[in-house]
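Only one structure is covered here, and it is reproduced in the block below.
Per chain, numbering begins at 1; letters A, B, ... match sequence-line order. The figures that follow rest on heavy atoms only: side chains count, while hydrogens, waters and symmetry mates do not.
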Amino acid sequence: MTDILKEIVNVAIEGVKEIYQADISPGDLLVTPTKKEHKGDFTLVTFSLAKALRQSPPQIAASLGEYILQARSWVNDTEVVQGFLNISLSSSYWSSVLDEMIREPDYWKPVHAPEKVLVEFSSPNTNKPLHLGHIRNILLGWATYKMFVAAGYNVNRVQIVNDRGIAICKSMLSWNKFGEGQTPESAGMKSDHFVGEWYVRFEKEFSKEYKAWQQTAEALEIFEARKEQELTEEEFFKNYKNQYFNLYSLLGAEAKEMLLKWEAHDPETIQLWKKMNSWVYTGFEETYKKLGVEFDKLYFESDTYLLGKDIIEEGVRRNVFYKKDDGSIWVDLTSQGLDHKLLLRKDGTSVYMTQDLGTAQKRYDEFGAERMVYVVGDEQNYHFQALFAMIGAYGAPYAKGLYHLSYGMVDLPEGKMKSREGNVVDADDLIDVVLKEASDAASEREVNDPDIIRKIGMAALKYFIVKVDPRKRMIFDPKASVDLQGQTGPYIQNAYVRIQSILRKAGENNSGHDTYEPIEDEKLLLNMLSQCRQIIDSAVKEYNPALIANYAYALAKEYHRYYHDVKVLHAESEAAMSFRLKLIRVIGENILNTMDLLGIEMPDRM
RNA sequence: GGCUCCGUAGCUCAAUUGGAUAGAGCAACGCUCUUCUAAAGCGUAGGUUACUGGUUCGAACCCAGUCGGAGUCACCA
């Protein structure tokens with residue numbers, strides 16, 4: 001497929017040489033799609049040439065326009081508006097674009113070397129079910145995977161499951177103490193929610209214990225001794241919670257003891273841990289299935305948390321890392337504007353950095369990935385900066401291919417999600433709500449195929465999240481997310497459905513080889529389609545699926561308008577009908593393909 | 001407080017990376033179904049792009065400052 005933007009740049013360079021005897025490089029020129037209010041398909045911006053050519057932008061535009069019109073048969077017309085040269089391409093050019101798209105079904109895919117890429121996403125803790133934040137993470141990870149595959153990369157999906165540590169011990173302890181042998185089955189609950197309940201129960205019991213403690217003489221003594229700042233008693237104890245957990249709490253002591261037992265491989269503890277985690281995994285699996293995602297490999301923190309120590313030893317030997325007098329090991333990242341970072345505690349135990357270092361190496365060994373993408377929230381920006389800097393300092397061969405796909409938190413209209421305040425939006429609940437909404441709307445239209453309803457509901461939810469630039473913090477309004485009208489997933493699905501409906505009625509209608517002169521709307525649609533490859537390329541390069549979401553919407557919107565204005569099956573001529581059938585088929589496939597990159601499915605009717 | 005990021009219509013988001021008169025959707029108000037599916041289309045209204053200055057042919061975007069918000073600054077993840 002010819003790259004028309006490049007062609008325009010080429011002919012412009014040629015023209016400059018011819019008219020001004022001057023050499024310019026492609027970088028000096030900007031070609032963009034023409035704004036809707038002006039006539040033309042592409043616009044050449046000439047301001048940047050004025051200085052070098054010693055002429056005013058409008059003059060340059062005028063003479064270049066004349067040259068281009070002469071030099072290329074596919075240019076139909078040019079028009080100068082200030083320093084902008086608007087170029088209209090010929091009808092036959094646009095017809096040939098359509099033919100090419102049919103001949104080359106991959107016209108929309110950017111082409112990259114088949115580099116190996118690893119995408120890590122989801123990566124939940126195993127003490128409670130997935131929530132809204134995970135959904136954003138998962139959708140971003142999935143879309144990244146899909147678009148990298150489309151661009152020709154060889155991609156593997158992984159997650160690291162945080163299956164050990166104090167959090168899961170809290171759930172375990174709580175179930176042990178209060179659970180009375182209940183199981184998800186006996187409680188009639190989805191199994192990850194069941195485990196989450198025990199975590200919540202722990203926090204409740206702990207709060208009770210903490211409140212009671214605050215009345216004791218011991219607590220008041222501590223408060224009096226430490227209130228150097230002007231904190232109220234309430235504020236003080238709010239801040240003191242963690243220290244209380246570690247120093248005084250009975251429940252805290254029990255949870256920590258359980259963690260120690262776990263680390264000592266105590267059989268009973270391990271058995272309990274396995275049981276509760278298996279409940280969680282069964283539940284996660286269900287949720288992933290509903291979201292339509294899967295993974296190639298799971299890493300478990302319980303397997304990897306001891307990794308990285310040999311790398312650190314090696315680093316110390318090579319003077320990349322250093323040992324303090326107390327035996328702890330550090331890295332100095334001040335040369336890169338960062339801090340000193342701890343890598344190994346003085347007692348020789350790992351911190352997260354240690355583990356991440358080891359895991360990266362392990363993945364490189366196992367997959368040989370030249371690029372590793374970590375989909376992780378932006379509260380960990382600093383951590384990843386440090387991690388990558390460290391791996392760079394260490395000189396690992398995969399250092400330059402590391403990327404943190406950082407995304408903003410998801411807020412609710414009433415503010416931040418806080419598990420403490422119990423306003424966390426649960427993933428399964430959310431899915432149920434959108435499906436219910438889709439079902440209600442569908443029944444009004446006498447649609448009751450559950451598979452169609454599922455596709456519509458999930459499209460609404462997914463599109464609502466994935467259309468936002470990942471880097472930006474976003475507000476998730478549950479009411480707006482179930483909307484089926486306007487800039488939504490179902491709106492785009494509807495464009496697709498309308499196309500399928502026409503194609504079904506048309507049957508095998510491939511006659512009409514007469515030449516047909518496409519109208520403006522059709523040129524515009526073809527222009528949009530031909531930009532698809534560029535858009536996806538940008539999405540890949542910027543790790544930004546929202547670009548694809550916005551593209552698909554713009555295309556669907558344009559199509560809806562076209563659908564309203566132009567008849568396909570009752571076209572004015574055979575040639576027109578044949579052309580339009582081809583056009584809408586390509587549009588439908590394009591919508592299907594681009595939305596698939598976002599994990600959004602298309603129904604055939606709705 | 002140090003560092004990082006953000007601030008665009010009442011609300012949720014765009015803006016082809018410095019280009020034309022800053023665009024969509026929602027909400028509001030009108031209009032269009034005997035039509036290839038109205039989950040649609042058309043129109044009206046809504047803006048000093050937080051503020052001030054600077055850079056230049058040209059700034060929401062770059063620079064400086066101010067104000068407001070978020071994140072982070074753990075031997076947490």
Side-chain angles (χ1 to χ4, degrees), chain A residues 5 30-38 43 45 47-48 50-51 56-57 81-84 86 123 125 162 165-167 242 301 326 328 330 337-339 342-347 349-353 355-356 376-383 385 406 408-409 411 413 416 438 441-442 444-445 447 456 460 464 467-469 471-477 479-481 483-495 497-506 531 534-535 538 542 546-547 549-551 553-554 557 559-571 580 584 605-606:
Chain A
L5 293 177
L30 178 66
V31 181
T32 64
T34 302
K35 293 258 173 200
K36 233 173 176 170
E37 56 270 25
H38 290 98
T43 297
V45 184
F47 294 93
S48 52
K51 213 169 271 175
S56 76
V81 181
Q82 298 163 38
F84 300 95
N86 297 328
S123 304
N125 293 322
N162 299 301
I166 196 71
N242 267 335
E301 197 194 336
D326 66 2
S328 59
W330 296 73
L338 304 169
D339 275 330
L342 178 85
L343 293 177
L344 217 53
R345 294 187 183 108
K346 63 186 170 201
D347 61 6
T349 56
S350 308
V351 292
Y352 251 82
M353 246 346 145
Q355 184 187 156
D356 284 348
V376 180
D378 64 6
E379 74 272 20
Q380 292 193 44
N381 282 353
Y382 187 78
H383 172 80
Q385 258 183 36
S406 163
M409 293 293 100
D411 291 328
K416 248 187 106 154
E444 278 172 34
R445 300 164 56 88
V447 171
I456 294 171
F464 190 83
K467 72 173 183 193
V468 182
D469 186 330
R471 291 178 294 259
K472 292 196 174 175
R473 187 176 260 264
M474 67 174 285
I475 296 178
F476 183 88
D477 182 350
K479 281 202 286 285
S481 74
D483 268 357
L484 310 175
Q485 278 135 27
Q487 188 181 1
T488 65
Y491 172 93
I492 299 170
Q493 288 177 320
N494 187 231
V497 163
R498 286 176 143 186
I499 289 170
Q500 299 318 304
S501 171
I502 296 175
L503 292 178
R504 268 196 304 272
K505 289 208 165 111
Q531 284 163 40
Q534 262 305 311
I535 304 274
S538 303
E542 294 171 32
L547 297 178
N550 289 323
Y551 163 82
Y553 170 69
K557 184 174 161 57
Y559 175 73
H560 273 304
R561 207 236 303 261
Y562 177 69
Y563 174 89
H564 180 268
D565 292 345
V566 177
K567 297 297 161 218
V568 173
L569 293 179
H570 309 290
R580 287 171 189 168
I584 67 169
R605 346 177 161 245
M606 64 192 285

Whole-Å gap separating C1' (B:G69) and CD1 (A:I475): 11 Å
Tell me whether the rings of A:F476 and A:F464 are parallel (<30°), tilted (30 to 60°) or perpendicular (>60°). perpendicular
Is there a side-chain polar atom (N or O) of A:K416 under 4.0 Å from OP1 or OP2 of B:G71? yes
Mind checking the C1' distance from B:G53 to B:C67? Whole angstroms is fine. 15 Å
Between B:G2 and B:G18, how far is it from one C1' atom to the other, in whole Å? 32 Å
Hey, does the side chain of A:H560 reach the backbone of A:Y491 with a donor-acceptor pair shorter than 3.5 angstrom? yes
Whole-Å gap separating P (B:G71) and CD (A:E379): 10 Å
By nearest atom, which of the nucleotides B:G25, B:A14, B:U16 is closest to the A:P33 side chain? B:U16
Taking atom P of B:C36 as reference, at what distance in whole Å does atom CD1 of A:I584 sit? 14 Å
What distance, rounded to whole Å, do you find between the two P atoms, one in B:U32 and one in B:A38? 16 Å
Please state whether the base of B:A27 and the side chain of A:D483 form at least one donor-acceptor pair under 3.5 Å? no
Do the side-chain N or O atoms of A:R345 get closer than 4.0 angstrom to the phosphate oxygens (OP1, OP2) of B:C76? yes
P spacing across the pair B:C31 / B:U16, given as an integer number of angstrom: 37 Å
I'd like the P distance from B:G19 over to B:A59, given in whole Å. 11 Å
Near A:R504 CZ, under 6.0 Å, is it more than 12 heavy atoms from other residues, nucleotides or ligands? yes
When all nucleic acid strands are considered with a 4.0 Å heavy-atom cut-off, which category describes A:M409: base, sugar-phosphate, or nothing? nothing
Output yes when at least one side-chain N/O atom of A:Y382 is less than 4.0 Å from OP1 or OP2 of B:G2, else no. no
Rounding to an integer number of angstrom, what distance separates B:A60 and B:G7 when you compare their P atoms? 14 Å
Under 4.0 Å between a side-chain N or O of A:R473 and OP1 or OP2 of B:G69? no
So, taking the atom named CG in A:N162 and the one named CD in A:E301, what distance separates them when rounded to the nearest 0.5 Å? 4.5 Å
Sticking with atom P, work out how far B:A28 lies from B:A64, rounded to a whole angstrom. 44 Å
What's the spacing between A:E379 CD and A:M409 CE if we round to 0.5 Å? 4.0 Å
Considering only B:C75, B:A20, B:C13, which nucleotide approaches the side chain of A:V351 most closely? B:C75
Pairwise C1' distance, B:C51 and B:G69 [rounded to whole Å]: 15 Å
Between B:U12 atom C1' and A:K479 atom NZ, what is the distance in whole Å? 13 Å
Below 4.0 Å: OP1/OP2 of B:A74 and any side-chain N or O of A:Y352: no
Could you tell me whether B:C42 is syn or anti, where syn means a glycosidic angle within 90 degrees of zero? anti
Planes under 30° and centres closer than 5.5 Å, is that true for A:F84 with the base of B:A20? yes
The residue among A:R471, A:R473, A:K472 that forms side-chain hydrogen bond (donor to acceptor under 3.5 Å, both in side chains) with A:D469 is A:R471
Do the side-chain N or O atoms of A:K557 get closer than 4.0 angstrom to the phosphate oxygens (OP1, OP2) of B:G25? yes
If the cut-off is 4.0 Å, is A:K35 near the phosphate of B:A20, judged by side-chain N/O to OP1 or OP2? yes
Can you tell me the distance, in whole Å, between the NZ atom of A:K51 and the P atom of B:U56? 9 Å
Just by distance, no angles: are the side chains of A:T488 and A:D483 close enough, under 3.5 Å, to form a donor-acceptor pair? no
A:N242 CG to B:A77 C1': how many Å, rounded? 12 Å
Is the shortest side-chain N/O distance from A:R504 to OP1 or OP2 of B:C36 below 4.0 Å? no
Kindly confirm whether the side-chain ring of A:H564 is stacked on the base of B:A40, judged by centres under 5.5 Å and planes under 30°. no
